[in-house]
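Bear in mind the structure is a predicted one, so any value in this text is a computation, not a measurement. The residues of the chain are indexed from 1 along the displayed sequence.
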Amino acid sequence: MPESRLPIELQGISLAELQALIDQRRLPPVERWNPERCGHSGMRIARDGTWYHAGSPIRRPAMVRLFSTVLRREPDGRHVLVTPVEKLEIDVDSTAFRAIEMTTEGCGRDRTIAMRLDSDDAVIAGPEHPLGVVETEAGLSPRILVRHGLEAELARPIYYELAELALSEGSDPPGLWSGGAFFPLEAVR
């Protein structure tokens, strides 16, 4: 199947245009698929976002984008690649995605924050896509919920930019509004 999902870019478009692009994407209905055939895919997503199969990096971005569309997180925390006929576990070192670029419009309660992911997809922070900070064994991990229980860890420059915005607005606790919801930038324990 040829690649039909072109990468989303944040530069040069409004957040309304970005939301329209996100809405046009037709992702497979992985939440409805529950096949019995299960096993392990032999795949892993490293902490830096590199996808591996049988220990070798997957070098084709289109292949990674395709796999990312059939990825979901199970209620028990496992990550799986799922199709109508099989469900295969995939090891994930940290989070399934990385947020690598950010843009904002507005300020204070009227702010909207959008992020581009390393899967060349995008997400707009709001009630359905909350921002948060999780305490992990590796330290604090700022994240955004993407879909199907999958999260994206924010690249350090993005988190610092968000922290700077939050501190400049003086909210207590420090945090930001996006899409009509307030997100504290403190660790959840």
Novice: Considering all heavy atoms of both residues, which atom of Ser68 and which atom of Ser119 are nearest to each other, and what is their separation?
Specialist: OG-CB, 3.9 Å
Novice: In sequence, state the C-alpha distance, the side-chain angles, and the governing distance for Ile124 and Thr112, and then conclude on side-chain contact (heavy atoms from CB on, under 4.5 Å).
Specialist: CA-CA 7 Å; Ile124 296 177; Thr112 302; 3.5 Å; yes
Novice: Specify the closest pair of heavy atoms between Pro184 and Pro173, including all atoms of both residues, with the distance to one decimal.
Specialist: CB-CG, 4.1 Å
Novice: Check whether Leu167 and Phe183 end up in the same hydrophobic cluster, where Ile, Leu, Val, Met, Phe, Trp and Tyr are linked by side-chain heavy atoms less than 4.5 Å apart.
Specialist: no
Novice: For the residue pair Thr83 and Pro35, what are the closest heavy atoms and their distance?
Specialist: O-CG, 3.3 Å
Novice: For the side chain of Arg98 and the backbone of Thr95, is there at least one donor-acceptor N/O pair under 3.5 Å apart?
Specialist: yes
Novice: Step by step, would you call Arg143 with Thr136 a side-chain contact (heavy atoms from CB on, under 4.5 Å)?
Specialist: CA-CA 12 Å; Arg143 300 175 176 193; Thr136 70; 3.6 Å; yes
Novice: Which atoms form the tightest heavy-atom contact between Arg72 and Asn34, and what is the distance?
Specialist: NH2-OD1, 3.0 Å
Novice: In Å and rounded to the nearest 0.5 Å, what is the CD1 to OG distance from Ile90 to Ser41?
Specialist: 5.0 Å
Novice: What I want to check is whether the side chains of Asp91 and His79 have a donor and an acceptor closer together than 3.5 Å.
Specialist: no
Novice: Quick one: do Leu88 and Val80 satisfy side-chain contact (heavy atoms from CB on, under 4.5 Å)? Show the steps, please.
Specialist: CA-CA 5 Å; Leu88 301 173; Val80 293; over 6 Å; no
Novice: Could you pull out all residues at least two apart from Trp177 that satisfy ring pair (Phe, Tyr, Trp, His ring centres under 6.0 Å)?
Specialist: Phe182
Novice: Between His148 and Leu150 (side chain of the first, backbone of the second, donor and acceptor by atom type, cut-off under 3.5 Å), is there such a pair?
Specialist: no
Novice: Which of these, Phe97, Trp51, Phe67, Tyr52, sits in a side chain to side chain contact (heavy atoms under 4.5 Å, CB included) with Ile45?
Specialist: Trp51
Novice: Rounded to the nearest 0.5 Å, what's the gap from CD1 on Ile100 to CD1 on Ile158? Could you check?
Specialist: 7.5 Å
Novice: Verify the cluster assignment for Val146 and Trp33: are they in a single hydrophobic cluster under the rule of side-chain heavy atoms below 4.5 Å apart?
Specialist: yes
Novice: So, for Leu71 and Val30, which heavy atoms are closest and what is the spacing to 0.1 Å?
Specialist: O-CG2, 4.2 Å
Novice: Give the cluster check for Met43 versus Met63: same hydrophobic cluster or not, with ILVMFWY residues linked at side-chain heavy-atom distances below 4.5 Å.
Specialist: yes
Novice: Sub-3.5 Å donor-acceptor pair from the side chain of Ser178 to the main-chain atoms of Ile113, do we have one?
Specialist: yes
Novice: Report the C-alpha distance between Glu31 and Arg147 in whole Å, list the side-chain angles of each, state the deciding distance to 0.1 Å, and finish with yes or no for salt bridge (charged side-chain N to carboxylate O under 4.0 Å, His left out).
Specialist: CA-CA 10 Å; Glu31 70 281 358; Arg147 63 178 174 269; over 6 Å; no
Novice: Report yes or no: does Arg37 contribute a side-chain atom to a donor-acceptor pair with the main-chain N or O of Val85 at less than 3.5 Å?
Specialist: no
Novice: Using modelled atom types only, decide if a donor and an acceptor are shared between the side chain of Glu169 and the backbone of Gly108 within a distance under 3.5 Å.
Specialist: yes
Novice: Are Glu86 and Glu36 packed together at the side-chain level, in the sense that at least one heavy-atom pair is separated by less than 4.5 angstrom?
Specialist: no
Novice: Are the side chains of Arg65 and Thr69 in touch, meaning some heavy atoms are under 4.5 Å apart?
Specialist: no
Novice: Applying salt bridge (charged side-chain N to carboxylate O under 4.0 Å, His left out), which residue pairs with at least one partner in residues 38-50 are found, sequence neighbours left out?
Specialist: Arg44-Asp93, Arg47-Glu153
Novice: Would Tyr160 and Leu165 show up in the same hydrophobic cluster when neighbours are defined by side-chain heavy atoms closer than 4.5 Å?
Specialist: yes
Novice: Evaluate the side-chain contact (heavy atoms from CB on, under 4.5 Å) criterion for residues Met102 and Leu154: first the C-alpha distance (whole Å), next the side-chain angles of each, then the deciding distance (0.1 Å), finally the verdict.
Specialist: CA-CA 9 Å; Met102 179 186 86; Leu154 278 58; over 6 Å; no
Novice: Taking all non-hydrogen atoms of both residues into account, name the closest pair between Glu128 and Leu145 and its distance.
Specialist: O-CD2, 4.0 Å
